Amino acid sequence: MSSASNNSFILDVRGLTKVFGGLTAVNDVTLQIPRQGIVSVIGPNGAGKTTFFNMITGIYEPTTGFIELDGVNLVGLRPDQVTSAGIARTFQNIRLFASMDCQENVMVGRHSRLKAGYIDSLFRTKRFYESEQEARDVANMMLDFVGLGQFRYEMATNLPYGDQRKLEIARALATSPKLVLLDEPAAGMNPRETEELKSLIRRIRDELGVTVCLIEHDMRLVMTLSEYITVLNYGSKLAEGLPHEIRNNPQVMEAYLGRGAVAGEYGKEAVAGMQEGV
Amino acid sequence: MTAIRPGSQPPTAAPDRTWWLIIVGIITSSLLMLTQEPTWRAALPGGIAKFLTNPLVGSLLLTLFLSNLLFAFRWKAAAWAKALVFFGSLFIILPWAGRDNTAIFDLAIQIGIFAALALGLNIVVGLAGLLDLGYIAFFAVGAYTWGIFGSGQFAKILGYFADNGGPVGGGLRYLLGGLLLTILGAVVMSIISKVKGKWNTGQRWANFLAIMGLVAGIIMSLRGVLILMSPQAQSLMSGVNPNFFWLFLVLALFAAASVGVIIGLPVLKLKGDYLAIITLGLGEVIRVLANNLSTYSNGSQGITPIVSPTVPFMNAIAGALGFSPDQYNLFFLYFLVIAIIAVIILANVRLDRSRIGRAWVAIREDEVAAQAMGVPLMQTKLIAFATGASFAGIMGVIFAAKQTFISPESFILTQSTSILSMVVLGGLGSIPGVILGAAIVTILNISLLPSLGEATAALKLPQQINPAQLQRLVFGTILVMMMLFRPEGMLPSARQQRLMHEDDDPSDNETPQDSLKHSAVEPAAEVYSPGTASIKDDQRTGGAR
Amino acid sequence: MKRAKGNVGVRLIGVVAALLVGAAQAQTAQTTIKMASLSPLSGPQSDVGTQISNGARLAVNEYQGQFAKLGLNLSLQPYDDQADPTTGTAAARKIIADSSILALVGPLNSGVAIPVSVALAPSHVALVSPSATANVLTERGLKNTNRIVPRDDAQGPAGADFMLSKLKAKKVYMLNDKTAYGEGLAGEVEKALRAKGVQIVGSEGTEEKSNFGSIIQKISLSKPDVIYFGGVYSQVGVFAKQLREKGITIPLVGGDAYDSADLLSIAGAGANNIYFTTIVAPASEVPAAKPLAALYQKTFGKPIQGFGIFGYDAAKVVLQGMLDAARSGKASGQAPTRAQVENAIRRVRATGLMSGTVQFNSVGDRRAARMYIMKVNQGKVRLETTLDVKAPRP
Amino acid sequence: MDLSTLGPFLVGVITSGLVLGFVYAIIALGYTMVYGVLQLINFAHSEVFVTGAVVGFEIFRVLEPSPMNGYLKLLIALIAAMVASGMLNVIIERLAYRPLRNAPRLVPLITAIGVSLILQDVIRIIEGFQGRFDLTYKLPPAFNTNFCGADSSCEALGTALTKVGISLQIKEVIVVAVSLLSLALLNYLVNSTKLGRAIRAVAQDRVTAGLMGIDSNRIIALTFLIGGALGGISGVLFGMKFGTINAYSGFDPGIIAFTAAVLGGIGSIPGAVLGGLVLGVIQNLIGVTNVLGSILNIANLQAIDASYQRIGAFLVLVLILIFKPTGLLGRSNTEKV
């Protein structure tokens, strides 16, 4: 397998397909994410976006296709190995560790980067203290970065919804990723929180140098934030391009609007968002 | 859930109980000594002496005395007073009473053994959230490790190989062949493990064959060693030199940990109750194997007598303190158990507050998220399993030495559930909690409940409601009541406490910091928290993904 | 939270106070001496365990008068071992601590008796087990350990002899219950049978209490002419019932743990052609058996069974030893020491027992015992033949 | 030993395994139904089942002298056992499990163990007052005769069956018939009634079911009632098949039946039945492995005898779960991530 020839792409996904039983959830999707970019994957509900993420992060194994991160093959790796390789993620339905405070939650994210092992922990070696210090420092730094510094010792589940999402982002960032995948980060947020999120995502890229890829339904956010957009529909790639190209793509409009009465409101809202978010 | 409890800040509201602690310590100690020390008892009026020697009264006073340790640990008091009561009780009063009544030593050692088991299981169940119902198997592995070598059983095994293993020279061939296979298997395995990504069918088969070769190789080399050693059977008739005990303490640790890994490898992929029933089954498998493989374990007849090491300086101390020679062994084991418990607690605390401990809790809370954060599931679970098992293995050795006799009867299924009840009763994930749970259950089972029957033996009660026969009923009732009224356990861990009482009225120990935080997170009260909800979803899906 | 902890102490004291009221009861008068019994009183084996402590109680009642004449107030102190070695050891330590206890009847199981005897030995608390048959129990030569049942290597060959001489066994199917008792006994029987050239067509153990389907299939396939099952009546009864229901009528032979009326009721119509070896004489042979049975029924509201008689006999041996020691002692009202009792029990000659006269050899096995081979047929137990066994060593 | 005897031998082993399997299956249903709605291993179910067995014993004992038709006696015994066990299960749920609905999952598990210990002693005490410990079923004599045996109208069928290795007693046929009937009823109840729908809804998602207007407490109580009633049936069947039970004899079959429920896929009703049958047959096959080993001349198999029956069930479970982690018929709950 050749490594991605063009070094300007950090993630190189080719021909990714996932079949569940008889259902093809993701069909031959090819996607390149530019280094230090902010890209979005959008599409109506059930378009296969989350399945796509789950394949990249090793939760599902692709039926066919290949995934390379900076020239390193990811197919067949376990999720924790993918994380070590440099991809971190957040979840659509927030998955924080309920009995831990915020700092501990983020410290778990540092797990794969710490050097202290079992024996170090048992005998409290120098390396253990260094590792713990590192974990704590990184956790505090990331909490500060997402603006949760003052809730360090708060139970994660006691945070407001929007802050829980930020905490998940902090936890993902603590893994020192090259690429972070955000699964609907703005879901359930009010407009003010969404604005904060937008600047947070920009800072992730600008200040930390981490590439960001997000799945999002909030088209205002997607259109203003993304540098490049991929649209999935029924598991296949429908379109890709710059935000204004997507906005003016009739097929995309069709996909969002032409879905009958039930999806109608949602589709109209999405399309309106696309047009508005300039 | 209006307020947040501080994680580890001590409540400031509790009154200082230094003097209470001292007074209670003195009173309970003197009461205990009054019941045990013959000269003191002789000085009492007959009626009172009679009363104090009633089995139930004696057992209750002993329990009261032991609760001193709890008070010293829990009450807010000056450090010197805590240390005085704690170490005074443990190192002076208890051995003193034990000298007069070895039942107290026996109980204390048994509490220690179960506390270690509960601490081990606590890592598996309490921290890593893996429900293990066959935990007693690891205890059995430890007990048999020393039981076989610390008795004539090993000579019997060698004798068997002398008769059935062929010529001694064949042993060398077995050994060399076995080693070759082992090395070959290991090399192949290490080569295959270097392969990144998904293995193809050929690689899988190669790996499988390599594992089989490794196992077969180890078995062959062991067989070879046994055949080679078979002429030595005569010299080992009463077991290996008792001083090898220390070596076997370590060997049992590794043996139990290895069995933990071997059992864990195929089953740790499973979740929740699937894991529970499979561990229950594998625990039974170990017991039934011990019962059936008579060549090695002497089957249902059990192994006896098992020796203990003699430590001259401990014996000298015991002798100087007026212990009789037949009590030396208990004296030694008592202090050994205390030392081992101390080490185990230390290990437990250190692992809990480390990267590994965080990973365990993360897995318990949400496997998917933990793995996505870079925690390798199998490896972390296996470490939990092996660590828990190793504690049980060490204590198995002590158990074998204390009992001088082991048989599969001691490792039945109900022992596993009993240890689990200690962990839950004390407080999942809480180190002081599970020790307290172990103490409560052990005291109930071998001191308080039996004494209830012993004390009422003279009463003319109808056979069917004789308390001597109602141990299960009483124990069951206590279990149910404790769970209903204190589901988080006697001394819940800070984590568990916070989770279980989020909606309690916090007024009883609110600190100034609390009210500060209070206002900061007020909106949380209204917000549906998907973080916790997803965990419940998670738990409901019984099977592995 | 801390406050709640304090409350535990307070609550504990409350519980203590409440229980003390019930527990406080003092006896006065003469010097009190006790005999302990140790057997499972709770849990699955409580039925047999209770029989033992009941038998011991009858013996104590019987001997109280004789001790009173010596100024000694005798009572029984029952302990529960739950058939668990660890609990048994803990109880043994309590027995050591109660200085008024001079000796012990029990334990029921060899697995408990072995560690218990080791714990008791340094304190010279003698024990007489009513039912533990494992060879190793007395093989270790502890001074304090005795038993009234012949050990496996005495009882086993007796059973084998019987099968060979009376049942003309040529092919035997061996079964055991995978406990120290059943497997030990069946092992000795098998050894004796093999030595005499009998073909063993099957030999296995089973912990199953109810499902003997596959074993019965195998028996009907291998067509033995006798089955030996080393086990306890409750399990064997169910086996016998299922065996007969499948139309297999060959003799079923076992040891003294068959000795219970419940064997008949459990096996029901299957209680045919079953033989067992025991040391307890049938009521027809011993005149005292009838009044004992009546007394047991009156005291405990149940008929006496094998283990009740074992318990009674073992207790009488202990009490006779205690009495001997007390009589050889000095002043009236002075209790003998444990060591004296230990010696006296080893030297005892107890007569008038349901199992004949008991005398111990150097390791605490009966020098000689008469084994009765009983036949269960048509819902009746009757004496088939007797066999005298001697201890394997003097 | 030749192969012509091997066939009938194996058929006999498998038949008796199937009969046993039906008993396991009905016990397993009690576990799986409760597990379905509460995700709780109801350790007390083994005693619920023993209670049914005891009630059945009492009915047969009291009715022994009566000239009533045997099948009528059986019906009375079954109904009484169902009522008693069902009620007991409901009471247990109300007192011991309901207050712990929101506690961590291990807490009700320990409570269940406690309840199990309590019930063991209570059953022993109650029967002990009448001087009984081991309870032996006094069945109508007709039940103990062979199915289609000599002098019956279907003697020819009986002879034919015996020839292929099947020899059943009337009571064993009853065990199978009652099991099948209960399964059919349960299937109807769960799949075709409103109550069944509610039970499935609660099992799927208690919170959502509550939002849809289902009183989940009531449904859980009803599930315990049904599970208990099944326990009662299985108790009577167990007592009939094996003849004797006591207060403590629920433990072993309870563990095996729970294993069966897991083997079939816990929470799945057909799974529990399949698991019970598989385990019944496999246990019996493991019991005769040494004979097969000697016939096939494989030395290693000859060491595996009836003493491995018990763990055989567990090893089969391990093997199956390694390859199918959700059990034979378990739904694979792909988690939404």
Side-chain angles (χ1 to χ4, degrees), chain A residues 57-59 61 73-84 88-91 93-101 104-105 107-114 116-118 120-124 128 131-132 135 150-151 153-161 163-164 168 171-172 174-175 188, chain B residues 1 3-8 196-199 346-347 350-351 353-359 361-362 364-366 368-380 383 387 429 493-496 498-499 502 517 520-535 537-538 545:
Chain A
T57 52
I59 291 176
E61 196 171 320
N73 172 40
L74 296 186
V75 174
L77 295 191
R78 293 191 310 265
D80 53 287
Q81 293 169 324
V82 172
T83 309
S84 306
R89 71 172 290 175
T90 66
F91 295 92
N93 47 346
I94 299 178
R95 309 187 80 126
L96 290 166
F97 305 121
S99 73
M100 294 186 185
D101 62 25
E104 282 177 298
N105 260 287
M107 282 168 85
V108 172
R110 196 67 195 161
H111 187 92
S112 55
R113 306 289 171 210
L114 300 181
Y118 188 80
D120 294 310
S121 307
L122 214 48
F123 294 101
R124 289 292 192 251
F128 167 81
S131 278
E132 285 299 286
Q150 77 269 36
F151 298 127
Y153 304 116
E154 211 60 75
M155 294 300 290
T157 45
N158 289 342
L159 295 183
Y161 193 72
D163 284 351
Q164 292 196 13
E168 267 210 325
R171 191 177 64 177
T175 64
Chain B
M1 68 181 209
I4 285 70
R5 299 194 172 211
S8 50
K196 286 240 166 102
K198 210 171 134 65
W199 293 347
L346 190 69
R350 288 186 162 183
L351 290 175
R353 295 186 196 151
S354 75
R355 170 174 174 260
I356 304 277
R358 274 196 306 275
V361 176
R364 182 188 72 194
E365 304 277 304
D366 190 333
V368 174
Q371 201 178 17
M373 289 308 120
V375 176
L377 286 187
M378 269 311 270
Q379 187 193 329
T380 312
I383 290 174
T387 309
S493 70
R495 289 183 203 286
Q496 208 69 27
R498 283 177 295 190
L499 271 182
E502 274 174 351
K517 289 179 174 174
V521 288
E522 192 71 83
E526 314 299 325
V527 175
Y528 170 56
S529 157
T532 18
S534 72
I535 287 154
D537 283 350
D538 208 348
R545 285 186 330 100

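This is a predicted model, so every value here is computed, not measured.
Nearest approach of A:H111 to B:M373, heavy atoms of both residues: CB-O, 4.3 Å. Shown here for B:R364 and A:S99, the closest heavy-atom pair between the two residues is NH2-OG, 3.3 Å. Taking each heavy atom of A:F91 and B:A372 in turn, the nearest pair found is CZ-CB, 3.6 Å.
In terms of heavy-atom pairs under 4.5 Å with chain A, the best-connected choice from B:I356, B:V375, B:V361 is B:V375. No other option in B:A359, B:S354, B:A370 has as many heavy-atom pairs under 4.5 Å with chain A as B:S354. Ranked by heavy-atom pairs shorter than 4.5 Å toward chain B, the options A:R171, A:Q81, A:R78 are led by A:R171. Taking chain B as the reference chain and counting heavy-atom pairs below 4.5 Å, the highest number among A:A135, A:S121, A:G117 is found for A:S121.
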- Task: I would like to know whether B:R358 and A:R110 meet side chain to side chain contact (heavy atoms under 4.5 Å, CB included); could you show each step before the answer?
- Result: CA-CA 11 Å; B:R358 274 196 306 275; A:R110 196 67 195 161; over 6 Å; no
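Not counting sequence neighbours, A:T83 has no partner by the side chain to side chain donor-acceptor pair (under 3.5 Å) test. A:A172 pairs by the side chain to side chain contact (heavy atoms under 4.5 Å, CB included) definition with A:A88, A:T90, A:V180, not counting sequence neighbours.
A side-chain contact (heavy atoms from CB on, under 4.5 Å) with A:L122 holds for exactly one of B:T387, B:L351, B:L346; it is B:L351.
Once rounded to the nearest 0.5 Å, the distance linking CD of B:E365 with CG of A:N105 reads 8.5 Å. Separating the CZ atom in B:R355 from the CD atom in A:E132 is a distance of 9.5 Å, to the nearest 0.5 Å.
Looking at A:T175, only its side chain comes within 4.5 Å of chain B, counting heavy atoms on both sides.
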